[in-house]
Amino acid sequence: MSGFLPPASVVPPPPGFGAVLETPEVSALRRRLHGRVREVVNRMPRPLAEDVAALLGRHGRTRTADQGDLFVLFPAPVWSFLHWVPAAGHPDAERLHAAALLLHLWDDHLTDRQLTPDLAALQLRTELWRCLERDAAELCAAWGADSGLVARHTERYLCATHARRTPADLDSYCSLAREQAALWTLLPRLLETGGRTKAGWSPLVEDFAVAWRLVDDAADVRRDAVAGIRSAVWWELPAAGRARWDERARRPGRDDVSGYVLGDAQQDGSEEAVGRVLTRAAALLAAAADRAAAAGEEGVATELLTARAGVLTSVRRPW
């Protein structure tokens, strides 16, 4: 399924990326992935399922999706690669990857308290894990894939998110982001070890995940600066700038970004640091696009280059 297809619609990307022109088939896949999540929700007890369905319906909702469109929150190709790999059109494969993407988001929002850890939110997390394990087992049996991958990818993800090590530099910070993307690379590895596609999809998804983390950190520089969060931008700061970020972490009002203006960014070195972080993200996307094009996957290569164009042209100046 390589090659260019006529564009159909422009989907606004997450901050920092270029807007991908989605074909009708890719747009249908995105909405179908939301439907796969709804299948998981429907397995929950009705009172909990109703609350979760309402919550998901408010995430990424568009005018064309009455039940929500959750995966507009995730940029192509972290989910759209399913379109370019024929075997990934299996319902179990779609449901597995939808669960993997949402688990990462759900855990992140539970950890930073964007989600209330009530029974409904925790039960959805449980159901997503069950779905992931059950669908992965079915695919391993059908494809002859390595059944040990599920445990290994789960362990990598949990170690990187729950018992995460402290990075020593930006390189190890990016390595940690790769580990945290382990659930997202599970389906690509099952496809590869089951002989359903050639090798190369899992590192592509991994590289994109790291680039997304860098772009997200650049977009969140004001919030992270006043909270003293050691993001990718912090690792690119000079020593004096790092010290000022760390000092702010001990102040009251750590969520008030209004006082962090361009003058503060210039004093810290944040403005230059953001540029270097985005340059690194763009390099990752370019390398991934080159590999995809060399493998004949022009469709996903175009998505990667479009994402990169947004990184290069929308330099973050949030001050």
Minimum side-chain heavy-atom gap [X]-[Y] below 4.5 Å:
{"X": "Leu187", "Y": "Val205", "answer": "no"}
{"X": "Asp69", "Y": "Val72", "answer": "yes"}
{"X": "Asp146", "Y": "Leu190", "answer": "no"}
{"X": "Arg36", "Y": "Pro91", "answer": "yes"}
{"X": "Leu170", "Y": "Trp234", "answer": "no"}
{"X": "Leu214", "Y": "Leu278", "answer": "no"}

Heavy atoms of other groups near Glu155 CD, more than 12 under 6.0 Å: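 It does not: Glu155 CD has 12 such atoms or fewer within range.
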Should [X] and [Y] count as an ion pair when the cut-off is N to O under 4.0 Å?
{"X": "Asp107", "Y": "Arg125", "result": "yes"}
{"X": "Arg291", "Y": "Asp207", "result": "yes"}
{"X": "Arg43", "Y": "Glu127", "result": "no"}
{"X": "Arg32", "Y": "Glu94", "result": "yes"}
{"X": "Asp216", "Y": "Arg213", "result": "no"}

Pairing donors with acceptors under 3.5 angstrom, does anything connect the side chains of Ser202 and Glu192?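 Side-chain D/A pair, Ser202 to Glu192: present.
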Just by distance, with hydrogens left out, do Trp84 and Ser80 show a side-chain donor and acceptor under 3.5 Å apart?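 The answer is no; no qualifying pair exists.
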Could you go through Gln180 and Arg156, starting from their C-alpha distance and side-chain angles, then the distance that decides it, and tell me whether this counts as side-chain hydrogen bond (donor to acceptor under 3.5 Å, both in side chains)? CA-CA 7 Å; Gln180 290 172 338; Arg156 286 176 59 199; over 6 Å; no
If the condition is ring-ring contact (aromatic ring centres under 6.0 Å, His included), which residues does His97 pass it with, not counting sequence neighbours?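 Expected list: Phe81.
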For His90, ring-ring contact (aromatic ring centres under 6.0 Å, His included) partners two or more places apart: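 ring-ring contact (aromatic ring centres under 6.0 Å, His included) check on His90 returns nothing, list empty.
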Determine, using the 4.5 Å side-chain heavy-atom cutoff (strictly less than), whether Leu110 and Leu183 are members of one ILVMFWY cluster.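 Yes; tracing contacts between hydrophobic side chains, which count when under 4.5 Å, links both residues.
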Would Val311 and Trp235 show up in the same hydrophobic cluster when neighbours are defined by side-chain heavy atoms closer than 4.5 Å?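 Yes.
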Would Asp220 and Val233 satisfy side-chain contact (heavy atoms from CB on, under 4.5 Å), going step by step from the backbone distance to the final call? CA-CA 9 Å; Asp220 288 342; Val233 177; over 6 Å; no
Tell me the ring pair (Phe, Tyr, Trp, His ring centres under 6.0 Å) pairs involving residues 103-147, sequence neighbours left out?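 Applying ring pair (Phe, Tyr, Trp, His ring centres under 6.0 Å) to every pair that reaches into residues 103-147, excluding sequence neighbours, yields His104-Tyr157, His104-Trp184.
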With sequence neighbours excluded, tell me which residues meet salt bridge (charged side-chain N to carboxylate O under 4.0 Å, His left out) with Asp246.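 Applying salt bridge (charged side-chain N to carboxylate O under 4.0 Å, His left out) to Asp246 gives Arg230.
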Partner set under salt bridge (charged side-chain N to carboxylate O under 4.0 Å, His left out) for Asp268, not counting sequence neighbours: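 Partners of Asp268 by the salt bridge (charged side-chain N to carboxylate O under 4.0 Å, His left out) criterion, ordered by chain and then number, come out as Arg244, Arg248.
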Please confirm whether the ring centroid of Phe208 lies under 6.0 Å from the ring centroid of Phe74.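 Phe208 vs Phe74: aromatic centres not under 6.0 Å.
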Shortest non-hydrogen contact from Arg196 toward Ala87: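 Arg196 and Ala87 have their closest heavy atoms at CB-CB, 3.6 Å.
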What are the two closest heavy atoms between Lys198 and Ala295, and how far apart are they?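 Answer, listing the atom of Lys198 first, then Ala295: CE-O, 3.4 Å.
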Would you mind listing every side chain to side chain donor-acceptor pair (under 3.5 Å) that reaches into residues 112-121, with sequence neighbours excluded?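 Residue pairs with at least one partner in residues 112-121: Asp112-Gln114.
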Would Thr111 and Asp108 count as a side-chain hydrogen bond (donor to acceptor under 3.5 Å, both in side chains) if you check the C-alpha gap in whole Å, the side-chain angles of each, and the deciding distance to 0.1 Å? CA-CA 5 Å; Thr111 300; Asp108 187 50; 6.0 Å; no
Hey, could you give me the CG/CG distance between Leu105 and Leu70, rounded to the nearest 0.5 Å?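 Going from CG on Leu105 over to CG on Leu70, the span is 7.0 Å.
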